[in-house]
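Okay, structure first, notes after.
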Number of protein chains: 2
Amino acid sequence: MIPGEVLKHLKRVGVRLTPQRQEILQVLWERAQAGGQPVNAEEVMKRVRKRYPAISLDTVYRTLATFTREGIVNELQFKDQSRRYELVIQGEHHHHLVCLGCGYVREIAYCPEDIIKRVRESYTDFKIEEHSFTIYGYCAECRED
Amino acid sequence: MIPGEVLKHLKRVGVRLTPQRQEILQVLWERAQAGGQPVNAEEVMKRVRKRYPAISLDTVYRTLATFTREGIVNELQFKDQSRRYELVIQGEHHHHLVCLGCGYVREIAYCPEDIIKRVRESYTDFKIEEHSFTIYGYCAECRED
DNA sequence: CAATGAAATAGGAATAATTCCTAATTAGGA
DNA sequence: TCCTAATTAGGAATTATTCCTATTTCATTG
């Protein structure tokens, strides 16, 4: 089930709850339940099409952008050039460990908050909005040595 | 002048020193001298063409990939979808503060080494190769409030 | 519960960034 | 100087994302 909170939030900020958006949310939710591997737009489209065959890729992109703007979704940009998305779980914050071989993503709970705080204090004219921290390497299956 | 060390390194690892590569290196070097704002491939091509009009974009991409592989260049991927590159200055390591308005990049010296260490220790089956840490926000000129 | 208007959608075209392909050229060791 | 594997130019192809526009629809209001 889609978290009721999210639906309430969308309603509150005046984002219409179309069936397409509900399906996309559903797909993201299922993904989060099934291990939290981030998805790209293409993948979201494929999954949504199983239940809603007419959805366009453009709608998926627009919706993901809207959800990102509303803080419901995180838009991730790794080195592999395609954006991936993950549902934001309430009050949770994490970073990623990405395998350069297979692309598998693991969450890491640590966050360099101390550095962000220091940067905020030393660059007072810069208004910090967000940050990304990603560690790349090779997982057990992909490493060669 | 291009750092002699880099040329030596390329020779040592068997990477041919073509005029195209020298020009690209020169451009990256000049960029580093002039404040260190990272460049994308298109920009590198434009600059190289001033002195070497025939160079192709493909060559620029290939060369930047080669340099990255050799550790001479850092390939950066910010949220704006285009890759940017910067010359690696010997023994120096830094991260970035990026303006979401104008794209201006500032270097930050702090690095979350402690976290990387901890991750290395707790995920022993994962072979860490690199990491990226970027703070996004708005610079003095672009912030609205 | 029907009308209405702004918001959202489908579908395809357009754009942007990057990579691929191939014949021709060239660096640099022998 | 010769030779060969590495590299290049140029354009085509691919991939990811955004734009465009006519049509549809949500959800508010009467």
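In what follows, chains are A, B, ... by sequence order, proteins preceding strands, each numbered from 1. No hydrogens, no waters, no symmetry mates; every other heavy atom, side chains included, goes into these values. Owing to the predicted nature of the structure, the values given are computational and were not obtained by experimental measurement.
- Whole-Å rounding puts the B/Asp80 CG to C/dT18 C1' distance at 15 Å.
- For the pair A/Arg21 CZ and C/dA10 P, the computed distance is 11 Å after rounding to whole Å.
- Taking 3.5 Å as the limit, the base of C/dA8 and the side chain of A/Arg16 contain no donor-acceptor pair of atoms between them.
- For the residue pair B/His96 / B/Glu86, a side-chain donor-acceptor distance below 3.5 Å is found, with atom types taken as modelled.
- Backbone-only contact: A/Ile55 has heavy atoms under 4.0 Å from sugar-phosphate atoms and none from a base.
- The side chain of A/Ser82 contributes no N or O atom lying less than 4.0 Å from OP1 or OP2 of D/dT17.
- Applying the 4.0 Å criterion to OP1 and OP2 of D/dA9, one finds that B/Gln20 has a side-chain N or O inside that range.
- Contact annotation for A/Asp58: base contact, defined as any heavy-atom pair under 4.0 Å involving a base atom.
- Rounded to whole angstrom, the span from the CD1 atom of B/Ile24 across to the P atom of D/dT7 amounts to 13 Å.
- Checked by atom type, the side-chain pair B/Gln26/B/Gln22 shows no donor-acceptor distance below 3.5 Å.
- For the pair A/Tyr61 and D/dT18, the criterion of a side-chain N or O lying under 4.0 Å from OP1 or OP2 is not met.
- Within the nucleic acid shown, A/Leu17 comes within 4.0 Å of sugar-phosphate atoms alone, with no base atom in reach, counting heavy atoms only.
- A salt bridge is absent between A/Glu70 and A/Arg21; no separation between the charged side-chain nitrogens and carboxylate oxygens falls under 4.0 Å.
- Taking atom CE of residue B/Met45 and atom P of nucleotide C/dT18, one finds them 12 Å apart after rounding to whole Å.
- Protein atom CG of B/Leu57 is 14 Å distant from nucleotide atom C1' of D/dA13, rounded to whole Å.
- Contact check, A/Arg62 against D/dC19: no side-chain N or O comes under 4.0 Å of OP1 or OP2.
- Smallest separation of non-hydrogen atoms from A/Tyr138 and A/Cys99: CA-SG, 3.9 Å.
- If you measure from atom CD of A/Gln22 to atom C1' of D/dA27, you get 13 Å, rounded to the nearest angstrom.
- In this structure, B/Arg118 forms a cation-pi arrangement with A/Tyr110, its terminal cationic atom sitting closer than 6.0 Å to the ring centre and no more than 45° off the ring axis.
- For the pair B/Arg83 and C/dT19, the criterion of a side-chain N or O lying under 4.0 Å from OP1 or OP2 is met.
- Within 4.0 Å of A/Glu42, counting heavy atoms only, lies no atom of the nucleic acid at all.
- In this structure, B/His95 and B/His131 have tilted ring planes: the angle between them lies in the 30° to 60° band.
- Rounded to whole Å, atom P of D/dA9 lies 12 Å from atom CD of B/Glu23.
- Between B/Tyr85 and B/Lys11, the one whose closest nucleotide on DNA chain C sits nearer the 5' end is B/Tyr85.
- Residue A/Thr59 places at least one side-chain N or O under 4.0 Å from the OP1 or OP2 atom of C/dA10.
- In this structure, A/Glu43 places its CD atom 16 Å from C1' of D/dT15, rounding to the nearest Å.
- B/Pro53 comes within 4.0 angstrom of no nucleic acid atom, judged by non-hydrogen atoms across all strands.
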